[in-house]
*Asks:* 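Input: one structure, supplied below.
Side chains are part of it too, since the values below use all heavy atoms of this structure and drop only hydrogens, waters and symmetry mates. Within every chain, numbering begins at 1; the chains are lettered A, B, ... in the order of the sequence lines, protein sequences first and strands thereafter. Keep in mind it's a predicted model, so treat the numbers as computed, not measured.
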Amino acid sequence: MLRISKRSLVVLLVAACVAVMPSLGFASNWPLNMTEGVTDVSREVYGLHMLIFYICCTIGVLVFGVMFYSMFAHRKSRGAKASNFHESIALELIWTILPAIILVAMAFPATKTLKNIYDTSNSEVDILVTGLQWKWKYEYLGEDVSFFSSLSTPRAQIDNEEEKGEFYLLEVDEPLVIPAGKKVRFLVTASDVIHSWWVPDLSVKRDAIPGYVNEAWTKVDEPGVFRGQCAELCGKDHGFMPIEVHVLAQEDYDAWLNEKREAARLISEASKQTLTFDQLYEQGEAVYIKNCAACHMENGAGVAGVFPAIAGSPIATGAVSDHLNRVINGGQGMPAFGEQLTPVESAAVITFQRNAFGNNMGDEIQPIDVVKYKQGE
Amino acid sequence: MAHGPAKGLTRWFFTTNHKDIGSMYLWFSFAMFFLGGIFALVIRAELFQPGLQIVKPEFFNQMTTMHGLVMVFGAVMPAFVGLANWMIPMMIGAPDMALPRMNNWSFWILPFAFTMMISTLFMEGGGPNFGWTFYAPLSTTYAPPTVTFFIFAVHIMGASSIMGAINIVATILNMRAPGMTLMKMPLFVWTWLITAYLLIAVMPVLAGVVTMMLMDIHFGTSFFDAAGGGDPVLFQHVFWFFGHPEVYIMILPAFGVVSAIIPTFARKPLFGYSSMVYATASIAFLSFIVWAHHMFTVGMPLFGELVFMYATMLIAVPTGVKVFNWVTTMYRGSMTFETPMLFSIAFVILFTIGGFSGLMLAIAPADFQYHDTYFVVAHFHYVLVPGAIFSITAAVYYWLPKWSGKMYDETLGKTHFWLAFIGLNVTFFPMHFSGLAGMPRRIPDYNPLWADWNMISSVGAFLFGAAQVLFLYIIIRTIVSGKKATDRVWEGSHGLEWTVASPAPYHTFSTPPEIK
């Protein structure tokens with residue numbers, strides 16, 4: 001009787017789930033297993049995962065087999081009489097030693113793979129990966145290229161005002177780009193709290209820790225796009241700092257590097273121009289939404305007790321030099337934006353903050369002011 | 001001359017009676033279980049669908065943190081201390097705990113600690129939001145101002161646990177009835193003796209780590225601040241030196257409970273009693289040398305990584321011995337399946353599944369893919385919910401007739417079991433899949449790829465929650481209007497606690513019993 005009630009419950013539950021799901025409009029997909037990934041290391045790791053999984057299954061079948069047999073055959077309702085045996089040194093020895101042997105056998109391939117993962121020598125490309133609340137910074141060592149990479153999923157999708165895309169929360173404005181067929185070494189660190197850089201297809205997960213530089217490496221054979229997420233709780237927007245890696249053929253990679261250098265040159269050109277108040281204000285608003293609103297909120301009101309308001313704040317309504325200092329160097333838990341924003345963006349967002357939300361300071365800051373402030377230090 | 005309990009509320013405030021204090025621990029723990037469960041349901045409600053619907057990310061983080069803290073320190077640990085208080089003196093033939101006044105104190109500081117910790121949710125800036133593992137510097141430099149209340153609350157909880165543990169050690173070592181040698185003690189007493197030593201060893205370490213946080217936050221030190229020459233990884237080493245034995249603190253007494261229940265309903269003595277004792281001691285020893293398997297991705301040197309991997313794999317050996325012993329106890333027994341037995345059998349099966357995923361997590365290279373995903377969430381819920389929670393539930397059904405003198409309703413008990421069993425598996429089994437498919441833990445929103453598994457988990461969580469409301473109803477109904485229980489209660493029960501009347505008189509074993 002009990003078995004019937006259990007089965008009917010399970011059926012009911014499954015039926016309920018099946019009935020509910022399509023009505024909520026999700027494509028049904030049931031991912032079950034770890035990805036095999038796209039590198040030799042990731043395939044090795046997948047192999048280890050499956051090996052230990054099958055070992056567990058075998059042991060499980062044996063142990064639960066004996067158990068279910070006893071539950072069926074040795075029940076009082078079937079007239080089973082209890083024996084009284086309660087000790088056997090031989091049995092105890094067997095089930096101590098046998099698992100130990102299995103474990104030693106398992107340790108060999110695991111050790112081999114681990115050694116491989118730790119061998120970061122002879123890299124051809126070196127990239128410094130820095131975790132910040134809540135974005136990633138990539139610096140190509142020796143290439144004079146560096147940039148920030150942050151979530152590009154529109155706010156409206158998160159707030160359920162728009163349909164969610166295929167790469168919802170797994171897409172960024174500026175992806176990391178690496179060449180195919182080359183050993184790429186990642187130097188992983190952080191500038192505020194601990195983050196963790198994880199791309200499942202590469203089987204790379206390394207904690208990004210302030211004060212530490214951790215190493216990891218990968219070598220992807222074919223071009224492609226691979227996605228991951230921050231894996232260590234790092235505060236409010238921990239779930240919103242994805243990783244997107246584009247693997248390009250060598251010549252495309254070189255072309256991309258050149259493009260990046262050219263873009264950097266244009267930015268330094270742009271910081272010499274003078275903009276009108278309206279241009280600054282308009283651009284500043286966009287910069288604010290992207291970089292500041294996560295904490296200080298879109299209406300500038302902040303979050304009581306955690307993130308100060310911009311509206312009426314002593315800094316946004318105080319001396320310009322203090323405001324420049326806070327934006328460029330950070331402080332009181334706020335990250336430094338001096339490197340994340342171009343001089344034009346910094347000037348624009350400061351102008352915006354000083355005139356929006358009823359602050360109405362009436363002043364404007366030009367890109368050249370930002371450059372001068374930075375140089376003056 | 002025997003005398004009964006005092007009248008009115010003062011009975012509970014000033015009691016030094018182990019049974020009263022045990023009951024208070026158990027009711028407190030039950031209340032915390034519901035509170036922590038509500039926090040979990042907030043999490044599952046938000047994760048029902050992708051997108052942000054119900055709570056904001058900052059509040060979501062407070063919920064994951066509070067759920068963990070309340071369940072670990074508020075629900076599981078006090079429940080086991082409550083069971084220890086009720087059962088240990090009765091199992092060893094002692095009149096009471098060795099240090100009854102301290103017993104009162106170690107309970108009564110707990111409600112204050114939790115009131116303080118939970119009240120931070122209503123303070124400006126919100127409550128702790130850095131996960132129950134509170135990694136620095138997120139919990140120091142970047143923490144909300146309420147972190148100071150959290151630190152003080154943890155100190156009080158730690159003091160309570162240490163006092164409770166000292167009391168248990170003193171009781172077991174000094175107050176056994178004549179003839180109750182160590183190797184004659186019920187396994188529940190043995191597992192608690194070992195657990196108490198673990199508590200005394202590691203709770204001061206927890207106190208140390210939160211004190212270092214306090215210094216960093218308020219007194220200008222830099223233990224965990226890299227900018228001041230400190231080391232954020234040091235935090236993790238110290239925390240997990242506490243944290244890993246802590247998970248055994250939550251499971252060893254469960255082993256003891258199950259080792260009492262399975263022989264009763266198999267009507268056959270526990271198989272391999274002495275190997276059970278040695279296995280428990282081995283697990284306790286190993287728990288001190290495996291802490292860094294929680295930190296495989298922090299960038300330890302290869303050698304360290306290997307040592308911790310091997311040591312961790314070793315734990316499977318004594319744990320396996322225990323499982324094999326339980327199964328062999330059932331083998332060729334004469335089994336019946338009353339509610340405590342159902343929960344105990346589910347314990348053995350599901351805890352073993354949690355052990356399997358634990359073994360997988362021990363493989364360091366594979367752990368790089370599992371670490372901080374829902375696979376880990378599935379793993380530790382499989383060892384903690386069917387492990388700690390199911391064993392506590394089994395213990396309540398098993399001993400409630402002795403405590404209250406009334407029998408619970410078997411049909412209701414079995415209904416509770418099946419609802420909880422199905423709810424648990426529907427909640428946590430899909431997490432293995434979403435985790436392997438790449439879903440990180442502690443995120444309030446996620447890619448639709450994982451949507452279906454999350455929806456199932458959420459449905460299961462609410463079912464599990466409902467099952468616990470039924471549990472509360474069953475307990476109250478039993479106490480109010482249950483049928484009178486016999487002294488023996490169970491056909492196959494053995495042990496001193498079954499030789500006294502049901503309900504157990506206010507004072508038992510004022511003169512020591514005779515041990516055969």
*Asks:* Would the distance check show the side chain of A/N214 and the main-chain N or O of B/V298 forming a donor-acceptor pair, the cut-off being under 3.5 Å?
*Replies:*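 Side chain of A/N214 to backbone of B/V298: a pair is present.
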
*Asks:* So for A/V303, is it side chain, backbone, both, or neither that comes closer than 4.5 Å to the heavy atoms of chain B?
*Replies:*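 Interface part for A/V303: side chain.
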
*Asks:* Which region of A/I209, side chain (C-beta onward) or backbone (N, CA, C, O), has a non-hydrogen atom less than 4.5 Å from a non-hydrogen atom of chain B, or is it both or neither?
*Replies:*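 Only the side chain of A/I209 comes within 4.5 Å of chain B.
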
*Asks:* With a 4.5 angstrom heavy-atom cut-off, which part of A/C57 approaches chain B: side chain, backbone, both or neither?
*Replies:*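 Looking at A/C57, nothing touches chain B.
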
*Asks:* For B/P301, is it the side chain, the backbone, both, or neither that has a heavy atom closer than 4.5 Å to a heavy atom of chain A?
*Replies:*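 Only the backbone of B/P301 comes within 4.5 Å of chain A.
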
*Asks:* Are B/W453 and A/L32 packed together at the side-chain level, in the sense that at least one heavy-atom pair is separated by less than 4.5 angstrom?
*Replies:*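 They are in contact (side-chain heavy atoms under 4.5 Å apart), so the answer is yes.
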
*Asks:* Picking from B/L302, B/I363, B/T133, B/D225, which has the most non-hydrogen pairs under 4.5 angstrom with chain A?
*Replies:*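 When all of B/L302, B/I363, B/T133, B/D225 are compared, B/L302 has the most.
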
*Asks:* With only heavy atoms counted, which part of B/Q236 is less than 4.5 Å from chain A, the side chain, the backbone, both or neither?
*Replies:*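 Contact with chain A involves the side chain of B/Q236 alone.
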
*Asks:* Taking atom NE2 of B/H432 and atom CE of A/M34, what is their separation to the nearest 0.5 Å?
*Replies:*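 Nearest 0.5 Å value for the NE2-CE distance: 12.5 Å.
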
*Asks:* Please check if the number of heavy atoms outside A/E161 that lie under 6.0 Å from its CD is greater than 12.
*Replies:*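 Count over threshold, so yes.
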
*Asks:* With the side chain counted from C-beta on, respond yes when A/Q229 and B/I443 share a heavy-atom pair under 4.5 Å apart, and no when they do not.
*Replies:*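 Yes, side chains in contact.
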
*Asks:* How long is the straight-line distance from CZ of A/R75 back to CE of B/M335, given to the nearest 0.5 Å?
*Replies:*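 Rounded to the nearest 0.5 Å, the CE-CZ separation comes out at 8.0 Å.
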
*Asks:* Please classify the contact of B/S274 with chain A as side chain, backbone, both or neither, using a heavy-atom distance under 4.5 Å.
*Replies:*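 Both parts, heavy atoms under 4.5 Å.
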
*Asks:* For each of B/G131, B/A279, B/P137, tally heavy-atom pairs with chain A at distances under 4.5 Å, and name the one with the top tally.
*Replies:*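 That would be B/P137.
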
*Asks:* Heavy-atom distance under 4.5 Å between the side chains of A/Q133 and B/L138, does that happen here?
*Replies:*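 A/Q133 reaches B/L138 side chain to side chain.
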
*Asks:* Among A/G239, A/P99, A/S203, single out the residue with the greatest number of heavy-atom pairs under 4.5 Å to chain B.
*Replies:*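 Of the options given, most contacts go to A/S203.
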
*Asks:* Specify the closest pair of heavy atoms between A/P210 and B/P232, including all atoms of both residues, with the distance to one decimal.
*Replies:*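 In terms of heavy atoms, the two residues are closest at O-CG, 3.5 Å.
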
*Asks:* How far apart are the C-alpha atoms of A/K76 and B/S334, what are their side-chain angles, what is the distance that settles it, and do they pass the side chain to side chain contact (heavy atoms under 4.5 Å, CB included) test?
*Replies:* CA-CA 5 Å; A/K76 201 184 170 201; B/S334 172; 3.3 Å; yes

*Asks:* Tell me whether the rings of A/Y69 and B/Y331 are parallel (<30°), tilted (30 to 60°) or perpendicular (>60°).
*Replies:*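 Tilted: the ring planes of A/Y69 and B/Y331 meet at 30° to 60°.
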
*Asks:* Can you classify the ring geometry of A/W95 versus B/F324 as parallel (below 30°), tilted (30 to 60°) or perpendicular (above 60°)?
*Replies:*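 Tilted, since the angle between the ring planes falls between 30° and 60°.
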
*Asks:* Give the member of A/S70, A/G228, A/S83 that has the highest number of heavy-atom pairs under 4.5 Å with chain B.
*Replies:*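 Of the candidates given, the most pairs with chain B belong to A/S83.
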
*Asks:* Is the shortest heavy-atom distance from the side chain of B/N325 to the side chain of A/E92 under 4.5 Å?
*Replies:*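 Touching, per the 4.5 Å side-chain cut-off.
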
*Asks:* Could you tell me whether a side-chain N or O of A/N33 sits under 3.5 Å from a main-chain N or O of B/L436, the two making a donor and an acceptor?
*Replies:*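 Such a contact is absent between A/N33 side chain and B/L436 backbone.
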
*Asks:* With only heavy atoms counted, which part of A/N116 is less than 4.5 Å from chain B, the side chain, the backbone, both or neither?
*Replies:*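 It is neither, since no heavy atom gets under 4.5 Å.
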
*Asks:* For A/L48, is it the side chain, the backbone, both, or neither that has a heavy atom closer than 4.5 Å to a heavy atom of chain B?
*Replies:*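 Interface part for A/L48: side chain.
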
*Asks:* Quick check on the interface: out of A/V66, A/V45, A/N160, A/V104, who has the most heavy-atom pairs with chain B under 4.5 Å?
*Replies:*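 Greatest number of close heavy-atom pairs with chain B: A/N160.
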
*Asks:* Report yes if some heavy atom in the side chain of B/T336 is under 4.5 Å from a heavy atom in the side chain of A/S77; otherwise report no.
*Replies:*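 Side chain of B/T336 against side chain of A/S77, heavy atoms only: no contact under 4.5 Å found.
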
*Asks:* Report yes or no: is the cationic atom of B/K268 (NZ for Lys, CZ for Arg) under 6.0 Å from the centre of the six-membered ring of A/F85, at an angle within 45° of the ring normal?
*Replies:*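 Judged by the rule (NZ or CZ under 6.0 Å from the ring centre, within 45° of its axis), B/K268 counts as positioned above A/F85.
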
*Asks:* Checking B/F296 against chain A: side chain, backbone, both or neither under 4.5 Å from a heavy atom?
*Replies:*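 The answer is the backbone of B/F296.
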
*Asks:* Report yes or no: does A/K205 contribute a side-chain atom to a donor-acceptor pair with the main-chain N or O of B/F368 at less than 3.5 Å?
*Replies:*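 Judged by distance alone, yes, a pair lies under 3.5 Å.
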
*Asks:* Which distance, rounded to the nearest 0.5 Å, do you find between the SG of A/C295 and the CD of B/E58?
*Replies:*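 One gets 9.0 Å once the value is rounded to the nearest 0.5 Å.
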
*Asks:* Which heavy-atom pair separates A/L103 from B/M313 by the least distance, and what is that distance?
*Replies:*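 So the two residues come closest at CD1-O, 3.1 Å.
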
*Asks:* Above 12 or not: heavy atoms from other molecules or residues under 6.0 Å from CZ of A/F53?
*Replies:*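 No, because the 6.0 Å sphere around CZ of A/F53 holds 12 heavy atoms or fewer from other groups.
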
*Asks:* Given side chains that start at C-beta, do those of B/D372 and A/W198 come closer than 4.5 Å, heavy atoms only?
*Replies:*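 No, their side chains stay 4.5 Å or more apart.
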
*Asks:* Looking at B/G299, is its backbone amide N or carbonyl O close enough to the side chain of A/D207 to form a donor-acceptor pair, meaning the two atoms are under 3.5 Å apart?
*Replies:*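 Judged by distance alone, no pair lies under 3.5 Å.
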
*Asks:* If we define contacts as heavy-atom pairs under 4.5 Å, which of A/D192, A/T35, A/T96, A/T113 has the most with chain B?
*Replies:*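 Option with the top pair count is A/D192.
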
*Asks:* At a heavy-atom separation under 4.5 Å, does B/F60 approach chain A through its side chain, its backbone, both, or neither?
*Replies:*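 Answer is neither: B/F60 stays 4.5 Å or more from chain A.
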
*Asks:* Mind checking the CG-NE2 spacing from B/D367 to A/H49? Nearest 0.5 Å is all I need.
*Replies:*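 It is 12.5 Å, given to the nearest 0.5 Å.
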
*Asks:* Hey, are A/Y118 and B/E305 close enough side-chain-wise for a donor-acceptor pair under 3.5 Å?
*Replies:*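 Side-chain D/A pair, B/E305 to A/Y118: present.
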
*Asks:* Minimum heavy-atom separation for B/A266 and A/A82, please, with both atom names.
*Replies:*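 Shortest heavy-atom contact: O-CB, 4.0 Å.
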
*Asks:* Counting only non-hydrogen atoms closer than 4.5 Å, does A/T153 touch chain B with its backbone (N, CA, C, O), its side chain (CB onward), both, or neither?
*Replies:*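 Neither part, no heavy atoms under 4.5 Å.
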
*Asks:* If you count heavy-atom pairs within less than 4.5 Å of chain A, which of B/T141, B/T329, B/N129, B/D231 leads?
*Replies:*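 When all of B/T141, B/T329, B/N129, B/D231 are compared, B/D231 has the most.
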
*Asks:* Can you tell which part of B/P144 gets under 4.5 Å to a heavy atom of chain A, answering side chain, backbone, both or neither?
*Replies:*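 Interface part for B/P144: neither.
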
*Asks:* Between atom CG of B/L52 and atom CZ of A/F240, what is the distance when rounded to the nearest 0.5 Å?
*Replies:*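 Answer for the CG-CZ pair, B/L52 versus A/F240, is 4.5 Å.
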
*Asks:* With chain A, which of B/Q53, B/K56, B/R441, B/M123 has the greatest number of heavy-atom pairs at distances under 4.5 Å?
*Replies:*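 Of the candidates given, the most pairs with chain A belong to B/Q53.
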
*Asks:* With chain A as the partner, which of B/F356, B/Y446, B/Y135, B/Y310 has the greatest number of non-hydrogen pairs under 4.5 Å?
*Replies:*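 Most pairs with chain A among the choices: B/F356.
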
*Asks:* Measure distances from B/A136 to the heavy atoms of chain A and classify the residue's part below 4.5 Å as side chain, backbone, both or neither.
*Replies:*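 Backbone only.
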
*Asks:* Is there a side-chain contact between A/E44 and B/P365, using heavy atoms and a 4.5 Å cut-off?
*Replies:*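 Heavy-atom side-chain distance check fails, nothing below 4.5 Å.
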
*Asks:* Where is the tightest heavy-atom contact between A/C56 and B/L359, given as atom of each residue plus distance?
*Replies:*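 Closest heavy-atom pair between A/C56 and B/L359: SG-CD2, 4.2 Å.
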
*Asks:* Might you work through the side chain to side chain contact (heavy atoms under 4.5 Å, CB included) test for A/W197 and B/T297, ending with a clear yes or no?
*Replies:* CA-CA 10 Å; A/W197 196 83; B/T297 61; over 6 Å; no

*Asks:* Search all heavy atoms of B/P269 against all heavy atoms of A/H86 and return the closest pair with its distance.
*Replies:*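 The answer is CG-CD2, 3.8 Å.
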
*Asks:* By a 4.5 Å heavy-atom criterion (distance strictly below it), what part of B/F59 contacts chain A: side chain, backbone, both, or neither?
*Replies:*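 Contact with chain A is absent: no heavy atom of B/F59 under 4.5 Å.
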
*Asks:* Specify which of B/G333, B/G438, B/P440, B/G492 makes the most heavy-atom pairs with chain A at under 4.5 Å.
*Replies:*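 Option with the top pair count is B/G333.
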
*Asks:* Of the backbone (N, CA, C, O) and the side chain (C-beta and beyond), which part of B/M295 lies under 4.5 Å from a heavy atom of chain A, both, or neither?
*Replies:*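 When you check distances to chain A, no heavy atom of B/M295 falls under 4.5 Å.
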
*Asks:* State, with a plain yes or no, whether a side-chain heavy atom of B/Y142 is found less than 4.5 Å away from one of A/C234.
*Replies:*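 No, every pair of side-chain atoms sits at 4.5 Å or beyond.
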
*Asks:* To the nearest 0.5 angstrom, please state how far the CD1 atom of A/I194 sits from the CZ atom of B/F235.
*Replies:*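 Going from CD1 on A/I194 over to CZ on B/F235, the span is 9.0 Å.
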
*Asks:* For A/F68 and B/I349, what are the C-alpha separation, side-chain angles and deciding distance, and is it a side chain to side chain contact (heavy atoms under 4.5 Å, CB included)?
*Replies:* CA-CA 10 Å; A/F68 286 125; B/I349 298 172; 3.8 Å; yes

*Asks:* Check B/F271 against A/L91 and note the closest heavy-atom contact, atom names and distance.
*Replies:*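 Residues B/F271 and A/L91, closest heavy atoms: CZ-CD1, 3.9 Å.
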
